[in-house]
Amino acid sequence: MSQPPMSKSGAPLDVMGSLRRSHHCGDVMKAAVGDEVILAGWVGRRRDHGGVIFVDLRDRTGIVQVVFRPESAPEAHTRAHHLRSEWVLMIRGEVESRSEETINPNMPTGTIEVNVRELRILNSASVPPFAIEEETDVDEQIRLRHRLHDLRRPPLQRALQIRHDLARAVRESLSDQDFLEIETPMLARATPEGARDFLVPSRLQPGEFYALPQSPQIMKQLFMIGGCDRYYQIARCFRDEDLRADRQLEFTQIDLELSFVGVEEILTVLERVMVEGCRACGVELEAPFKRITWTEAMSRFGCDKPDTRIQLELVELTDVFMTSEFKAFRGVAEAGGIVKALPIANAKELSRGEIDRLEKLVRKELGAKGLGWIRVEDDGTWKSPITKFLGEPELAAIRERCKTEPGMVIFFQADVAARANTVLSRLREDLGRRLGRVDGREWDPLLVIDFPLLEDDGEGGLTHVHQPFVAPVEEDLALLDTEPEKVRGTHYDVVLNGVELGSGSLRNHRSDIQRKILSIMGYSDAEMEASFGFLINALDVGAPPHGGFAFGFDRWVMTLARTDNLRDVIAFPKTQRGQDLLMEAPSAVDAEQLDELSLRIRAQPKSD
RNA sequence: GGGCCGGUAGUUCAAUUGGUUAGAGCACUGGCCUGUCACGCCAGAAGUUGCGGGUUCGAAUCCCGUCCGGCCCGCCA
């Protein structure tokens with residue numbers, strides 16, 4: 001006969017035997033006082049008084065206090081002295097109501113406790129690297145390395161619950177709207193366009209590679225051509241680009257596409273999915289959503305995904321400085337750049353030192369050339385390092401457009417449009433939040449429409465703003481031949497609280513228009529054939545008018561979970577350098593594996 | 001590819017700015033304790049100061065390099 005297994009501390013371990021859980025820890029209130037319950041979970045806090053011992057037993061649903069009394073269960077009580085954090089228990093006992101003075105109002109199960117009759121120690125556990133609690137101040141690196149402990153914390157458990165609830169609601173909503181869930185291959189063809197591909201070497205075709213899909217974009221268009229009418233998928237996507245707080249190498253999209261529709265029908269679907277998805281997570285949104293054109297968003301907020309709860313807005317001054325004596329600003333305006341201002345009323349708390357810090361921030365982090373500012377004193381006089389360069393027309397324009405008043409601070413940027421907007425938009429968000437210039441709404445859904453189809457590629461040509469298959473709006477078709485940079489695309493974004501949750505468009509379903517657009521972007525016929533021949537030829541099979549949308553699922557969950565870090569809502573996320581600290585991926589592989597794939601590792605060249 | 005911030009005990013931080021044996025809270029270990037819920041009390045253990053080099057009589061502290069984490073720009077669109 002073998003001895004029962006022992007825990008590290010010498011306490012013998014038990015088997016579950018035929019004992020099975022009757023309730024979850026958080027659901028014990030569903031049992032009546034006096035009922036016998038069987039609970040299972042992990043040891044949270046343990047309070048050993050020598051006599052009576054309290055253990056907070058925890059599972060996914062919550063925490064309940066279980067009590068070991070020497071008089072009611074001597075054996076269980078004796079063994080309970082050995083219990084340590086994160087040990088795995090199963091207990092049998094009676095639900096008892098707590099006396100008035102021992103009720104804990106801070107926990108949902110605080111009016112009752114479970115008097116233990118039988119204890120089964122199912123497993124011991126190594127000492128946890130940090131406490132499993134609601135709040136933690138532990139370094140994220142530690143949390144990622146010990147993800148199993150971190151996952152036990154309530155915020156992570158809640159995030160996974162939101163993922164589930166949202167995915168389920170979205171499936172239901174789209175199914176109700178006659179969408180068909182269809183899968184697409186993960187081993188796909190490499191694409192020269194867009195993000196860097198993750199490549200998968202082929203064993204059977206030595207020297208050739210699959211690519212993991214950046215998104216099912218082309219494949220879902222093929223579904224439309226294939227007569228599937230309405231498709232959706234909760235699809236994993238892969239992009240080998242640098243990570244951010246809101247970007248991971250692999251992420252999940254709610255991808256959908258439908259046939260014989262215009263933009264309005266797609267937006268109707270989108271809004272319904274948004275409303276029903278959010279509702280499943282306890283958030284009510286009102287449809288239809290506010291709409292703003294891309295041009296207006298850039299002008300007023302300097303950003304194509306504005307959080308419109310922030311009450312600050314930018315002011316255009318480019319025209320004023322076209323004729324200014326102030327050479328620094330005039331030069332920028334004449335060279336095609338922009339001059340804009342961010343006026344902030346009642347900004348006395350922005351001290352000179354604070355403004356200096358902001359200037360340093362935007363110069364170092366955002367590459368700004370500087371940060372012009374004016375402060376309007378109580379007596380109405382202006383304090384500023386730049387006003388001495390300004391003539392009366394500019395001063396008047398600033399007064400009028402910024403509606404200057406005592407206590408106001410105005411920030412200025414004169415730069416190429418992209419950078420000036422980036423800088424002022426960042427200041428708008430940072431200062432708007434810090435100074436509490438928000439309108440108090442918790443949720444701010446917004447549709448951004450009328451994106452331009454094409455933009456300057458920085459080398460004298462034009463390139464697509466989003467992806468090469470976006471259809472132009474019909475009334476702008478003629479402009480393709482004359483002023484292609486003015487053509488509006490049918491592209492739209494949906495933004496929630498300043499987070500871009502997704503985007504979509506109508507696609508080109510006629511190969512002649514698709515070819516024309518590609519040719520404007522500088523593709524020769526041969527290049528078109530090489531890069532997009534497959535799709536263009538597919539259009540000629542008889543492609544229906546179609547369009548669709550894709551939500552960034554993780555970002556949506558992130559927003560609903562009220563965090564700004566994607567790693568908080570993904571079970572096993574990667575660090576900014578693309579590593580999984582728990583499973584230690586990526587990793588080296590055996591020479592034999594490489595050999596089978598016809599691969600050889602070249603010594604890392606020294607970069608100089 | 002670039003900018004900025006950070007790395008000291010399991011963990012969160014400190015170390016009088018280059019000077020004795022690197023300290024404290026929590027966690028941990030042992031003991032005591034029958035109503036706690038951040039239980040309490042007593043005692044104890046715990047360190048390659050990320051790593052490598054340099055300067056110095058002396059480095060956690062200064063310099064160079066490197067690795068790791070975070071935020072951002074580029075990139076992703």
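Within every chain, numbering begins at 1; the chains are lettered A, B, ... in the order of the sequence lines, protein sequences first and strands thereafter.
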remark   = With syn meaning chi within 90° of zero and anything else anti, the base of B:rU11 is anti
request  = Look at the side-chain N and O atoms of A:R567 and state whether any lies under 4.0 Å from the OP1 or OP2 oxygen of B:rC71.
outcome  = yes
inquiry  = Using a heavy-atom cut-off of 4.0 Å across all strands, would you classify A:I142 as base, sugar-phosphate, or nothing?
reply    = sugar-phosphate
request  = Tell me whether the OP1 or OP2 atom of B:rG69 has a side-chain N or O from A:T575 closer than 4.0 Å.
outcome  = yes
message = Taking the basic N atoms (NZ, or NE/NH1/NH2) and the acidic carboxylate oxygens, is any pair closer than 4.0 Å for A:E94 and A:R117?
response = yes
query = Looking at A:R239, does any N or O in its side chain come under 4.0 Å of the phosphate oxygens OP1/OP2 on B:rA77?
reply = yes
Watson-Crick or G-U wobble partner of B:rG10, both distances under 3.5 Å = B:rC26
Any A:R45 side-chain nitrogen or oxygen under 4.0 Å from OP1 or OP2 of B:rC39 = yes
Under-4.0 Å side-chain N/O to phosphate OP1/OP2 contact, A:Q576 with B:rC71 = yes
task = Would you mind classifying the nucleic acid contact of A:G110 as base, sugar-phosphate or nothing, using non-hydrogen atoms under 4.0 angstrom?
result = nothing
request  = May I ask you to evaluate whether A:R247 reaches the phosphate of B:rC73, defined as a side-chain N or O under 4.0 Å from OP1 or OP2?
outcome  = no
query = When we call it a touch if two heavy atoms are under 4.0 Å apart, what does A:R244 touch: a base, just sugar-phosphate, or nothing?
reply = base
request  = Output yes if the stacking criterion (under 5.5 Å between centres, under 30° between planes) is met for A:H49 over the base of B:rC39, else no.
outcome  = yes
query = Looking only at atom types and distance, does a side-chain atom of A:T184 sit under 3.5 Å from a main-chain N or O of A:M219, one as donor and one as acceptor?
reply = no
query = Is the base of B:rG69 touched by the side chain of A:R143 through a donor-acceptor pair closer than 3.5 angstrom?
reply = no
query = Rounded to the nearest Å, what distance is computed from the CZ atom of residue A:F130 to the C1' atom of nucleotide B:rC26?
reply = 15 Å
query = What distance, rounded to whole Å, do you find between the two P atoms, one in B:rU49 and one in B:rG23?
reply = 14 Å
message = Can you tell me if A:Q579 touches the phosphate of B:rG69, counting only side-chain N or O atoms and a distance under 4.0 Å to OP1 or OP2?
response = yes
task = Give the intermediate values and the outcome of side chain to side chain donor-acceptor pair (under 3.5 Å) for residues A:D554 and A:Q248.
result = CA-CA 9 Å; A:D554 313 86; A:Q248 283 273 307; over 6 Å; no
inquiry  = If I pick the C1' atom on B:rA46 and the same atom on B:rA9, what distance separates them, to the nearest angstrom?
reply    = 6 Å
ask   = Who is the Watson-Crick or G-U wobble partner of B:rU49, with both distances under 3.5 Å?
value = none
message = Mind checking if A:D139 touches a base, just sugar-phosphate, or nothing, with heavy atoms under 4.0 Å?
response = sugar-phosphate
query = Do the side-chain N or O atoms of A:R84 get closer than 4.0 angstrom to the phosphate oxygens (OP1, OP2) of B:rU29?
reply = yes
query = Considering Watson-Crick and G-U wobble pairs with both distances under 3.5 Å, what does B:rG40 pair with?
reply = B:rC32
request  = Quick one: label A:E113 by what it contacts on the DNA or RNA (base, sugar-phosphate, nothing), any heavy atom closer than 4.0 Å.
outcome  = base
request  = Assign the ring pair A:F238 / A:F198 to parallel, tilted or perpendicular, where the plane angle (0 to 90°) is split at 30° and 60°.
outcome  = perpendicular
request  = Examine distances only and state if a side-chain atom of A:D27 and a backbone atom of A:T61 form a donor-acceptor pair shorter than 3.5 Å.
outcome  = no
task = For the pair A:E113 (side chain) and A:R98 (backbone), establish whether a donor and an acceptor sit closer than 3.5 Å, ignoring hydrogens and angles.
result = no
query = Across all strands shown, which nucleotide pairs with B:rA77 by Watson-Crick or G-U wobble geometry, both distances under 3.5 Å?
reply = none
inquiry  = Whether the side chain of A:D242 and the base of B:rG74 hold a donor-acceptor pair under 3.5 Å is what I'd like checked.
reply    = yes
Phosphate OP1/OP2 of B:rG69 contacted by A:R577 side-chain N/O (<4.0 Å) = yes
request  = Indicate, with a heavy-atom threshold strictly under 4.0 Å, whether A:D137 touches base, sugar-phosphate, or nothing.
outcome  = sugar-phosphate
ask   = Does A:R47 have a side-chain nitrogen or oxygen under 4.0 Å from the phosphate oxygens OP1 or OP2 of B:rU36?
value = no
